[in-house]
Amino acid sequence: MPSSFPSHVYVHVPFCARRCTYCDFSIAVRRVVPVDEYVAALKRELEIRFPETADAPVETLYFGGGTPSRLGGEGVASLIAMLRQRLRLVDDAEVTLETNPEDVNADAIARWRDAGVNRLSLGGQSFDERVLEWMHRSHDAAAIGRAVDVARAGGIENISLDLIFALPEGVERSWTTDVARALELEASHLSLYGLTIEPHTPMGRWKARGELLETTDERYESEFLYAHDALTAAGFDHYEVSNFGRPGFHSRHNSAYWSGSPYAGLGPSAHEFDGAVRRWNVSAYADWLRHLHDSVDPVAESESLTDGNRLAEDVYLGLRTRRGITVAGPEIARVEAWLEAGWATRTSADRLQLTPLGWLRLDALAADLTLVRSRY
Ligand code: SF4
């Protein structure tokens, strides 16, 4: 357990209205969300796992899921009120709520804003009705724009929008149209994720039955590079492989992960890191609840970082972000080929960052540099 409470906190809220066809997250599908039961269990988790948090300063608080907005206006307010009894949100804390468009209304926005939420991460995924239906999303395309308007009118201006690209071959989706629609909404931040088809999902089963063909590398690359060009031309910083922010609107919470800072994780399946050890909670909501009901620590497993883990992680975290990485010794010769191929650029004599072409090869380049670094 960390000696001092981390200044970054992730809270996993597992509830969803239904399961999207691509999703393998730990969720609990509920028509009626058991807000009081969840908030009471989370309070118990804080008491059991972090008895010494009194007034711990928190710089970023992130409610992820699942669909945290399913807690509603009142539910989010009561969750934050409970957390505030144990933690102190600093004056300029970033408080992000993952939100589905259909949960946004003027009342909810007012309650969230008054409780301290100042950033929404809005799950849009696409503006194409057929694609939304195919993904089994719980909203239509018009709801995305409406949610942005209502949030802004209610005083939450910092809005991040999620989109999924690289859809399977048979799915006729215009990526250029979706990027243009996202730009029209003037969000302050965009997160773009290439679709991965996990085996234990409806899409995974369609794939196993041969009803769905994963996208080609060419399509993945061309959509990724198109988004990079269109969004940077519109003034966004492509500051991490999957993330674009207008200046001053980079995600502070996620940036803490990418810099290796400690963070606490609460709720079912939440992960945390104290600077040396990673821990993660039991995954299923019912399991997590049972542990806390019995006053048992819900941590399922932990892993101490070895020197090798740390080295690999430093390389990977540096390369995935615009921060880049310092190279020395034999690494300098190794990255020459990257520079020549246009996969990286030098930001100073001994420092480099990956280009969008390099980010398309992130895993391979990170593994390559890790190997060189581990040998000297
Ligand atoms: S809303 Fe998000 S967490 Fe819930 S099922 Fe869909 S993708 Fe998964």
Side-chain angles (χ1 to χ4, degrees), residues 10-35 38 42 62-72 75-76 79 96-105 108 112 119-144 146-148 151 159-168 171 173 178 182 187 189-207 212 242-243 251 253-254 265-271 280-288:
Y10 174 80
V11 177
H12 189 82
V13 185
F15 310 109
C16 286
R18 55 190 186 174
R19 187 176 281 279
C20 302
T21 49
Y22 55 88
C23 180
D24 76 336
F25 294 163
S26 169
I27 64 163
V29 175
R30 293 285 187 281
R31 192 177 295 274
V32 178
V33 175
V35 174
Y38 170 76
L42 205 74
Y62 191 104
F63 297 102
T67 313
S69 57
R70 292 270 298 150
L71 293 171
V76 171
L79 172 56
T96 303
L97 184 75
E98 286 187 357
T99 308
N100 266 2
E102 73 276 17
D103 296 330
V104 176
N105 57 59
W112 296 342
R119 183 172 186 270
L120 295 187
S121 173
L122 193 63
Q125 317 314 351
S126 174
F127 294 91
D128 184 320
E129 302 293 1
R130 291 164 317 158
V131 169
L132 291 172
E133 236 172 78
W134 175 76
M135 289 177 168
H136 205 221
R137 295 288 299 170
S138 48
H139 57 88
D140 61 15
I144 305 171
R146 267 200 311 272
V148 171
I159 300 170
S160 177
L161 181 63
D162 284 1
L163 290 179
I164 296 182
F165 68 99
L167 301 187
V171 180
R173 181 266 195 109
D178 270 356
H189 189 278
L190 286 160
S191 296
L192 310 184
Y193 300 106
L195 179 72
T196 47
I197 300 179
E198 305 293 346
H200 302 297
T201 61
M203 275 191 202
R205 289 189 280 280
W206 300 341
K207 184 179 156 195
L212 187 140
S242 302
N243 286 280
S251 164
H253 185 81
N254 289 337
L266 302 167
S269 84
H271 283 55
W280 52 97
N281 278 352
V282 293
S283 180
Y285 177 62
D287 235 7
W288 174 78

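Since the structure is predicted, the reported quantities are computational estimates derived from the model, not experimental observations. Counting starts at 1 for both ligands and their atoms, in listed order.
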### Query
Of the protein's non-hydrogen atoms, which lies at the shortest distance from atom 3 (S) of ligand 1, and what is that distance?
G66 N, 3.3 Å
### Summary
Closest heavy-atom pair, A182 versus L190, reported as atoms and distance to 0.1 Å, is CB-CD2, 4.0 Å
### Task
Spell out the protein N/O/S atoms under 2.8 Å from atom 6 (Fe) of ligand 1 as residue plus atom name.
C20 SG
### Query
Parallel, tilted or perpendicular: which describes the rings of Y38 and Y285, with under 30° parallel and over 60° perpendicular?
tilted
### Message
Check whether S69 reaches the backbone of N100 with its side chain - one donor and one acceptor, N or O, closer than 3.5 Å.
### Response
yes
### Distance (rounded to the nearest 0.5 Å) between D140 CG and D128 CG
12.0 Å
### Query
Between the side chain of R31 and the main-chain N/O of A17, is any donor-acceptor distance below 3.5 Å?
no
### Message
Would you say NE2 of H136 has more than 12 non-hydrogen atoms from neighbouring residues, nucleotides or ligands within 6.0 angstrom?
### Response
no
